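Each remark here refers to the structure printed beneath this line.
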Amino acid sequence: MAKRIDLPDTISVFPLPGALLLPRARLPLHLFEPRYLTMLDDVLKSDHRMIGMIQPNGEDRLHSIGCAGRVTAMSETDDGRYMITLTGVSRFRVSSEIEGFTPYRRFDVEWAGFEGDLGGEEEDPGLDRENLMSLLDRFFEDRGLSTDWDGIKEAEPELLINSLAMLCPFEPEERQALLESPTLQTRRETLVTLIEYALHSGDSEQRMMQ
């Protein structure tokens, strides 16, 4: 478990549309752009080994809230690219950008308001696992995608909900809403709302085409 004192005041950020990292979840990344290879090299020299994942919000703008992850696995390809895994530590709020000579972006960040991210796994007493999985089966069938959930069906509530939030094919703004959900329960409720809306929209489009 990360402690409050371990969180740096400044972190490097990786703006990546559609990539969602959540506390205690794992996100695989493929780094090949020179600026992000430089970023990784610098991050690995730091004590915290953290990278902040954040959604772009228009040209050169970022959303105000992202999630920092620690580099917990790394492998190099023959042509100099890297496959890394980030393990989510805590969400953060961007403060001010650090002007400097690095080819990647760095920000002063604030961790206040996300203390719960540093605790143990969250619970969701209202989770109806059977209904959630049934809804997901409908959603993925509607999208023509694989619905093999055997690996996570029996997972603990946090792993289940966060994995689904990261895996489902949502738009960047929808992923941002999942990230900003204050609790696991509200994230699950947001997840269900997004899926139901997508299914309803698909039914409406189908009726219009008939």
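A quick note: this is a predicted structure, and the numbers were derived from the prediction, not measured. Just the heavy atoms: all of them, side chains too, but no hydrogens, waters or symmetry mates, feed the values below.
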With [X] via salt bridge (charged side-chain N to carboxylate O under 4.0 Å, His left out) - residues at least two apart:
X: Glu122; value: none
X: Arg35; value: Glu33
X: Asp78; value: none
X: Arg91; value: Asp117

Going by side-chain contact (heavy atoms from CB on, under 4.5 Å), name the residues that satisfy it together with [X], two or more places apart in sequence or in a different chain.
X: Leu16; value: Phe14, Ala19, Leu29, Met53
X: Glu76; value: Tyr82
X: Ile98; value: Thr10, Arg106, Asp108
X: Glu174; value: Phe170, Glu171, Leu194

Does a side-chain heavy-atom distance below 4.5 Å link Ile51 with Ile84?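 With C-beta onward as the side chain, the pair touches.
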Salt-bridge test for Arg105 and Glu97: reply yes if a basic N is under 4.0 Å from a carboxylate O, no otherwise.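 Salt bridge between Arg105 and Glu97, a charged N being under 4.0 Å from a carboxylate O: yes.
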Determine, step by step, whether Leu22 and Glu158 satisfy the side-chain contact (heavy atoms from CB on, under 4.5 Å) criterion, reporting the C-alpha distance in whole Å, the side-chain angles of both residues, the deciding distance to 0.1 Å, and the verdict. CA-CA 10 Å; Leu22 295 166; Glu158 183 181 80; over 6 Å; no
The test is salt bridge (Lys or Arg N to Asp or Glu O under 4.0 Å); show your working for Asp41 and Lys45 and say whether it passes. CA-CA 7 Å; Asp41 187 51; Lys45 295 174 184 175; 3.3 Å; yes
Sequence neighbours left out, what passes side chain to side chain donor-acceptor pair (under 3.5 Å) with [X]? Give chain and number order.
X: Thr183; value: Thr186
X: Gln55; value: none
X: Glu189; value: Gln185
X: Asp47; value: none

Cluster overlap Leu145 with Met133, hydrophobic side-chain contacts below 4.5 Å: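 Per the 4.5 Å side-chain linkage, Leu145 and Met133 are co-clustered.
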What are the two closest heavy atoms between Val109 and Phe92, and how far apart are they?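 In this case the closest contact between Val109 and Phe92 is CG1-CD1, 3.6 Å.
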Just verifying a value: how many Å separate Leu86 CG and Met74 CE, rounded to the nearest 0.5 Å?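 If we round to the nearest 0.5 Å, Leu86:CG and Met74:CE are 12.0 Å apart.
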side-chain contact (heavy atoms from CB on, under 4.5 Å) between Leu136 and Cys168: does it pass, once the steps are laid out? CA-CA 9 Å; Leu136 283 161; Cys168 285; 3.8 Å; yes
